[in-house]
Structures are given as C-alpha cells and as structure tokens.
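Protein chains get the first letters and strands the later ones, always in sequence-line order, with residue 1 at the start of each. Keep in mind that this is a model prediction, so the values were computed, not measured.
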Amino acid sequence: MVERTLPKRYDPSTLETLRYAEWRQCGYFHPLAGDGPEPYTIVIPPPNVTGVLHMGHALNNTIQDVLIRHQRMKGRRALYLPGTDHAGIATQNVVERELAADGKTRNDLGREAFVDRVWAWKEKYGGEIHDQLMRLGISCDWERVAFTMDERLSHAVREVFVRLYEDGLIYRGEYIVNWCPRCKTALSDEEAPKRDQPGKLYTIRYPLAGSDEHILVATTRPETMLGDTGVAVHPADGRHGHLVGQVAVLPLVGRELPIVADDFVDPEFGTGAVKVTPAHDPNDFWIGDRHNLPCVNVLNPDASMNEQVGRFEGLDRFEARREIVEALEVEGSLEKIEDHHHAVGHCYRCDTVVEPYLSDQWFVRMEPLAEPALGAYRAGRLKFSPSAWGKTYEHWLENVRDWCISRQIWWGHRIPVWTCENGHEFAAREDPKRCPECGDRELSQDPDVLDTWFSSWLWPFSTLGWPDQTEDLETFYPTQTLVTASEILFFWVARMVMAGIYCTESSPFTDVVINGTVRDDHGLRMSKSAGNGIDPREMIDQYGTDALRYTLVTLVPTGIDLKLATDDFKVGRNFANKLWNAARFVFLNTPEEFEPQPIEEIDRGSLGDRERWLLQRLDETIVAVDGHLEAFRLDEASNGLREFLWHDYCDWAIEWSKTDLDGPSGDTVRSVLLGVLERGLRLLHPIMPFVTEELWQRLPATTRTGESIMIAPWPEATGWDFALESDRVALLREVIVAARNLRSGYEVPSSHKAPLVIVVDDGEDRVALDRHAADVARLAGASEARVVAEAPSENGLVSRVVRGGVEVAVRLADLIDVERERERLTTESGRKQRQLAAVRSKLDDAQFVAKAPEQVVAREREKAADLELAIDRLDELLQTLSPR
RNA sequence: GGGCGCAUAGCUCAGGGGUUCAGAGCACCUGCCUUACAAGCAGGGGGUCCGUGGUUCGAAUCCACGUGCGCCCACCA
C-alpha cells in the first residue's frame, strides 16, 4: 500500500533520482525495433564530450523530452536517441591544455600517443554530460547512446567520404581558407564567424617603375603587403586606365608588381586601386588566378612572418604590422592612416583572429547537395517552426559555398585517402594494403582529419546503423522532429538534410523546431566567460527538475530569445507544490476503503452542475493541450494546464467540494475529483514528469491503469456536452466574485458575515443559483445567501449587477456609506451607458449590420440587451438608495 | 550591402489574417495563518497594443512608410 499521507511540501530532491533510475530499469526509455506501433524518433543534438550542462541544453532537451513523452503516451514507439560529439578541435584543445600544464605539446607525445590520451580523457570525463542530462529527467534510450567516433559511426563517415569522392563531390586543392593560427588548422567559413571591429585603413604609396608617378593602395593588413604580387584597378576606371600594363614597385621589398585590370575592383572604394596578395586574401587569390600572378606566402602556420620577408622574419603578424607601418613611414611610403570598421573572422573555438591563408585542403562541392535539400523544403517535406526560419535555410542553401572539411589536427576521423609511392591517390572504405592501381605496398595516408561536422551531418542515420540496413534504421528512420538552436542551422541542420537525402534519399526529419537562445535578464547571451550564466544544476538542486522544466517550457515562446532570471524558477516550484497540495487535499478526503468510480461510469444524473462544468473543462483542456503539443506550442500547453489545474481545479472545484464531501453527493464529488486529478496529472506529465508520477502512484489503484504514468495512455476527451451547466457555473462564479468584491470594497472585516441577497429575474437561473446558495454564502464569506425574484426594499444593501441583470447585494446595514455607494453606482451606470452607446452606434450603422457576419451582429445585440438590463437595475438601485 | 525578425501593463512575454482581445505570469497595493497549500487565499490598481498614413462597416490585429532595437549572411581592399 502506497503511503497516501503527504507532507505539506513537495520535496523533489531525493524522489527525482530514485524515480529516474526506476523508469530506466523498467525499460520505459527503450523502444524495440521491428514490428510494432508507429515509431516517433528524436535524435539529440549531440553535446560536445567536453561539455557541461548549461541552460541551452536544459531548454533544448526539455523540449525534446516533452515531445517524446507526449508521443509515447499517445502510443507511439518513442525513441529519444542520446549521444555526444567528439568535437574535434574543442576536445583536442582541452587535452592540449592539460599537456601544456606539464610543459608538453602534442608533438612530444606523437600522434598515436596523443590520440590515446584524448580517448583516455574521453573515457574519464566524456560521460559527465550524460549524467547531467539525466538530471533533466529526459527519457533517452541509454541503450542506444552514440558517440561520433564510435566504430559504427566512423564506418558511416568513411562510407560517405568515399561515396562523395567517387561521385566527384570531394576535391582537394590549394585555396585560401580560414586559418586559425592558434589551433593551427583550417576552418570552414561557418567556423570562422565574422565580427565587426574597429581597425585602421592604411594607404600606401607604391612607386611606378621608371617613373616619378606612384599609385596609392589601401589595406587593413599592411603586413601582407610583403606578399603582394600585383596591383589591380577596374578596367573602366579613367583615373588608372593608363597604368594598366605598367609595373609598380613594392616598397620595402622592391618586388615588381604588374598592374592589371580586373572587374572585381570597386573604383568607388578607397583609391580605386587594390594591392593583390594572392596568398593572403580570398579575393586577391582569384584576381591572381585570373592574371597569373604568383602566390607569395609570408606567414608561418602560427601567423609569424616566415623566411620570405627578410628582416621581419619571426615576428608575430601584429608586431610585424607595427614595424612595417613604421618602416613605411620612415621610407615616406605611408600616405595616411584612417579609422576603419571592418568584419574580421574569429575562430569559433578559441576566438583567435583567423588569417585567410593559402593551403592545400579538402573540400565538398556543395551545390549538387544543396539542390535536393532546397527541394525538400520547397515541397513541404521539411518544415520549420517558427516557419520564418525556413527563409534563412533557403537563403543559405541558395548561396552555399564549398565546404572545407580537412583539419590539421589529430583528434577526429582521419581522411581515408592514401597515396602510393607512384603518386596514385585513392580513397578507401577499409584501410588498404596496396595501391589499387599499381599494387604498390608503400602507402601513406593523408595526415589530416575531417571536420567534426562531417560526422555530425550523418547523425540521424549513422546512429541507427547506416550504412547497414539495420532493424533500428528501418524502424526509426527517418526521424520526425529535430529540436535545435538557430546558431547551428547551417553548421548542422542544413547539412544533415543534404547528407540525409544524399545517403538515404530522404530528409532525415520532417519538422525542425528552433528553440530560442537563453539570455540573462539583461538580454545578454549566457556564457561562462561573461559569468552571467544560470547553472541549471543549481536550479535543479534548489527547486527541482520539474520546476526547471516547467519554467523553461512556459517561458519559451515560439523560438525567439528568452530572458531568464533565477527567480523565474520559483514559478515552477510553486506550481509543483500547488499540485502536490491539491492531491494532498484529495487524498486526505479519500478514505482508505473508498473505491472511486471511473468518471465515465458515474451515473450522469448524480453529477451536479459543478462536476459537469469541471468535466467539460477537462475535455477542453485535453483537446487544447494535445493540439498545442502537436503544434510545438509548449508554452501554450503549459499555460492551459496551469489555468485548468490551478485556477479551475484548485480554486473552484476543490473549494466547492468542501461543501459536499461529507454530504450525500460526497462520493460522486470524490470520484470526480480523483478522476480529474488523474487525467490532469497525465496531461502534465510530459512537462513535469516527476511530481506527476509521485502523485499518480499514490492514487487509488482503481483510478489508474498501468505501472507508471509515463506509459499510461494520453487522455482522450470524453465528449461530454455540458455547455448549459458550464454556463450556469460561470454565472455562479460571477456572483461569488461580485459578492467578494463588494465586501472587499467596503473593507468588511472577515468576521462580519453579512448576509447576501441575489436578485434574479430569470426563473431558470434562479433555480440553478438557489441550488448553490450554500456554496455562494461560504465562498463569499456571507452568513447566508438568499436567491429572490424581486429586490427587497430595504436600506443598508450594497449591490452590483453582473450579467443577465443579476443583482448581487450584500447587507452591510450601518457599514454602508450611502454617498459613496451612490457615487459608485453612478460611475458604474455611466460606464455601462457609454458602452451601450458604442454598441448601439454600431447597430445603428446600416453598413455594419449589412456587412458584418451575422454572429457578430447577434453578439452585439446580446451585448446591448445585457447592458440595458444592467443599466435599468443600476438606476433602480440609485433610486431606492435613500440618504440616511 | 543584402536577408530575417522584434516593438502590447513596471518586468518577461502571450494574442491577433477582422468585431467579448486589451491578456497571463512576475512585481505592486489592500485584507486574510479561512485545518490542501503563506511556495498560499481573496480583492485591486496599472497599457492612446512604437509613430504616421492607407484598406475596411470595423485595425492592437492587414498594407505602406518612418523610428528604435536584435539576429543572420556578404569578397569592398
């Protein structure tokens, strides 16, 4: 027998971990592949193995878990697939920092030993993020946990690389890439985001060979001038046209620079002439390419100046910049220095300013892959929520550029390309023993590894066994919903669609839900370095997982950013506690031997208005919450549940029940309260899994089915038709609120139980209200409530008119202040008259009556009638209100 | 330079392809330890829905322009 006497407060601290372990042990997180119910799959956006849980994860994974739990309860085979990403550069950096603490570099260890060391690190710390994710209560299938460097996933990476290679979609070449001099590797364009920052624009005078003339060129990076191999002007530029074909002389170096005409040059910008540095600028690279200008690389991989630059050799790029500017000044070649804001790329892992750098790298040709990815979106096979993100997706794919996939680091998937001694290059799925062309056995593998995202883009299917046609793949792929942050739309989402279609001929998911960025209460992005982050673990410790989840889900709107303060989590905690206490009340009033009737089986005749109203509200809530969850509107779902559980169930249904529980209808009321609570818990379970399970387990066994709420069926609307009763209850509530309002307006002491008079013309309403007279009295703090047809002619009453002209009067006798009452009634009457005037002017407008929908006109007529009634009543009251 | 988005109560935000839409939570004010809950109960104040035009019988809601923010993309040295 489960203990049903609850403590006064909900304490999540120990319950949550125990419950989580139990769920896991029961295998609820682990759906079986093969034949069975319709599957529903979400793959986790794999956090970095180096990661720690932050609010972004908390938000992202909570959303996923709410969707998964909802679908699981709806009977689908819900698979929430967890895992982590090896995060090439980030992880390598962590381990290198560790080495540096011992004064060592990765080269001291050598490649193999270093990679072993990273694996060891991963084994030791890589599971931490999993433990942390479990604290969020997410119902991941931990038996299917994946890691991007797993043998299985690595196999998929190889397969895709080789396919692309064989299809001619992968190529290698010397191009300008984003180079991080600290990580000493190439980066993709996405990994080197540009940031606007202040800088200088230096204008330098380049003399013309054999002439006194010179040409002015401008640059933001003077140190690269040492690598200049030309000067370009626009072909139609009158000022410089005569110079084309001549030769300029590079200051400090003396190299001769041909002056060429190229369309790229913007004659409007700067001096209209551009120094061409093919090895250090992507534009210059292509100008150089078009005009056969040589490339002179002046930088070492660590961005110090190399042997090409004579006396500047060995200087860091920024030192070199200063010294070169100084030298130019001394030489008289520096024309001017201006302030200049420009966009500079930064390494997304270490924030170092990246250098456009000429090097030999591997690329994926993106256009052929982008085409079908675009098609899937345009055909509606891929949807975004909020839908506006689709445009961003489209825009990126339309302007997609080739993807640099090679990284000069050691931690990652090694590029599966080998070269034999005879120079034959080939890609292979399995490590080759000999050259397939000449049989040579001396093979060398490309030293580089692949971009981390080259494995991430396969995630939705590599985790399920692809390229093998596994049962998992057949059952759970394609997945349904992908939930992620907008920051990785290009990095990850778009590429997954491309890879999915390329490898499996199907978009890997149908819905992309974009969640907002979590910011602090000043609107700043939360980050460790800024120190403004709210640690989800702290919030969980303080308020519980359910509180964290509820607050996140409630505050997260449609994917725009959300601002969070620690106090916001109290809201979730309070709600959990409220629910706990509601159940506590119901349990306290459920005798041990009581056997509740399922609500569908209760004899309708025994249901009172208030029970009918509650059941009607339950039905409405079921439909609304389900719809909101299906539409990814978790905030609306959560608000609807709060409204129903707190304000309908607790504030009214429970309060009402206090009049009845010990009376003749007590058992019916009890059964309804239990039945509605049980369904309410189920509805809330996806959002607040723990407290709902705790309470659900304590319900009488006959009220629930199954061993856990998380595998209980999702509630279905019964289809009661209790509109009439609901309407009566609405009036009942209005009457009670009006009475309370009157008392509070007069500051009546709570001890003063003034009698209440309710004046109702309408016979049916009178009968209905009369049935609840005792309730009204109790809830309004009155000694008794009388329902009458005609207003009593007596002094000492204060009144208010609610809808249908129903008057609510409290007998305050000598507490009453006639003048004040007169004033209040006059104001009220005036307000209603103004409203009436507005409504009438609408109704008098022939255009309105003719063109507005009938329903709207009818509603206005009702409104007018109701206002007239109220005004009449108010005027009557004013007349009978005699001054003392 | 392009693209996208946002401006509603003191704060955080819902809403809206037209007519009970002027809302919620928090904060605030007043009164309550009413035996489920003070992490609570009851009542209350508070907004020319950014500005200006337009469409319409009717606009916070649709359109245009403007203003102010934010984000993304981009080869202006």
Side-chain angles (χ1 to χ4, degrees), chain A residues 6 8-10 176 189 193-194 201-203 217-221 224 232 264-266 268-277 281-287 340 342-343 356 386 388-389 391-392 394-396 399 401 486-487 489-490 517 521 523 543 547 551 554-565 567-568 570-589 633 635-636 639 642-643 650-651 654-655 658 736-737 740-745 747-750 778-781 842 845-853 855-857 859-860 862-863:
Chain A
L6 305 180
K8 279 176 83 162
R9 283 196 180 179
Y10 172 55
I176 297 279
D189 294 333
K194 297 262 204 301
L201 184 66
Y202 304 85
T203 304
V217 297
T219 179
T220 53
R221 295 182 297 147
T224 64
F264 166 77
V265 180
D266 175 4
E268 302 300 315
F269 185 86
T271 61
V274 183
K275 65 194 244 339
V276 182
T277 322
D281 185 281
N283 303 314
D284 294 10
F285 177 81
W286 293 110
I287 296 177
H340 183 69
H342 59 153
W389 286 105
K391 292 178 193 165
T392 309
E394 213 176 1
H395 187 257
W396 186 76
N399 300 287
R401 299 157 71 191
S486 58
E487 289 103 80
L489 194 59
F490 309 137
T517 304
D521 49 352
Y543 302 121
T551 292
T554 305
L555 292 182
V556 68
T558 41
I560 69 168
D561 295 350
L562 79 153
K563 295 179 189 164
L564 270 183
D567 270 1
D568 290 331
K570 284 187 185 160
V571 174
R573 175 200 60 178
N574 294 356
F575 186 42
N577 193 54
K578 183 70 185 177
L579 209 63
W580 181 262
N581 275 288
R584 183 162 179 262
F585 172 85
V586 176
F587 294 162
L588 283 171
N589 285 285
R633 291 305 308 265
D635 56 332
E636 294 283 354
N639 283 332
R642 180 195 168 90
E643 182 63 28
C650 292
D651 290 350
I654 285 187
E655 288 310 319
K658 289 175 180 172
I736 293 167
V737 169
R740 285 169 174 169
N741 184 289
L742 285 167
R743 292 179 54 91
S744 136
E747 285 160 21
V748 181
S750 58
R778 195 174 54 79
L779 293 181
K842 264 191 194 177
D845 187 340
Q847 295 268 42
F848 171 73
V849 179
K851 292 189 180 175
Q855 279 186 326
V856 175
V857 180
R859 205 176 295 151
E860 290 300 309
E862 273 172 43
K863 217 193 281 182

Counterpart residues, side-chain contact (heavy atoms from CB on, under 4.5 Å), relative to [X] (two or more places apart):
X	result
A:Ser744	none
A:Val217	A:Ile204, A:Tyr206, A:Val231, A:Ala273, A:Lys275
A:His395	A:Asn399
A:Thr392	A:Trp389, A:Leu489, A:Phe490

>> Any side-chain to backbone donor/acceptor pair from A:Arg740 onto A:Leu779? Under 3.5 Å, distance only.
In response: yes

> Is a side-chain donor or acceptor of A:Asn639 paired with a backbone partner of A:Asp635 at a separation under 3.5 angstrom?
Replying inline: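 It does hold such a pair.
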
>> So A:Lys391, base contact, sugar-phosphate only, or nothing? Heavy-atom distance under 4.0 Å.
In response: sugar-phosphate

> How is A:Arg778 classified with respect to the nucleic acid when contacts are heavy atoms under 4.0 Å: base, sugar-phosphate, or nothing?
Replying inline: nothing

>> Taking B:rA59 as the reference, what is the distance to B:rG17 when you measure between their P atoms (whole Å, please)?
In response: 15 Å

>> Taking the C1' atom in each of B:rG44 and B:rA9, what is the distance between them to the nearest angstrom?
In response: 14 Å

Taking salt bridge (Lys or Arg N to Asp or Glu O under 4.0 Å) as the test, write out the residues that go with [X], two or more places apart.
X	result
A:Arg221	A:Asp281, A:Glu355
A:Lys863	A:Glu860
A:Glu655	A:Lys658

Specify the separation, in whole Å, of atom [atom1] of [X] and atom [atom2] of [N].
X	N	atom1	atom2	answer
A:Asn283	B:rG1	CG	P	18 Å
A:Glu643	B:rA24	CD	C1'	8 Å
A:Trp389	B:rG3	CH2	P	17 Å
A:Asp568	B:rA27	CG	C1'	11 Å

>> So if I take every side-chain heavy atom of A:Lys863 and compare against B:rA74, B:rC72, B:rU20, which nucleotide ends up nearest?
In response: B:rU20

> Taking only Watson-Crick and G-U wobble pairs with both distances under 3.5 Å, what dot-bracket line describes RNA chain B, where [ ] shows pairs that cross earlier ones and | shows pairs with another strand?
Replying inline: (((((((..((((.........)))).(((((.......))))).....(((((.......))))))))))))....

>> Pick the closest RNA chain B nucleotide for A:Glu636 and for A:Gln847 by heavy atoms, then say which residue is nearer the 5' end.
In response: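 So the residue in question is A:Glu636.
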
> Just by protein heavy atoms under 4.0 Å, how would nucleotides 35-49 of chain B read 5' to 3' in B, S and -?
Replying inline: -BBSBSSSSS-----

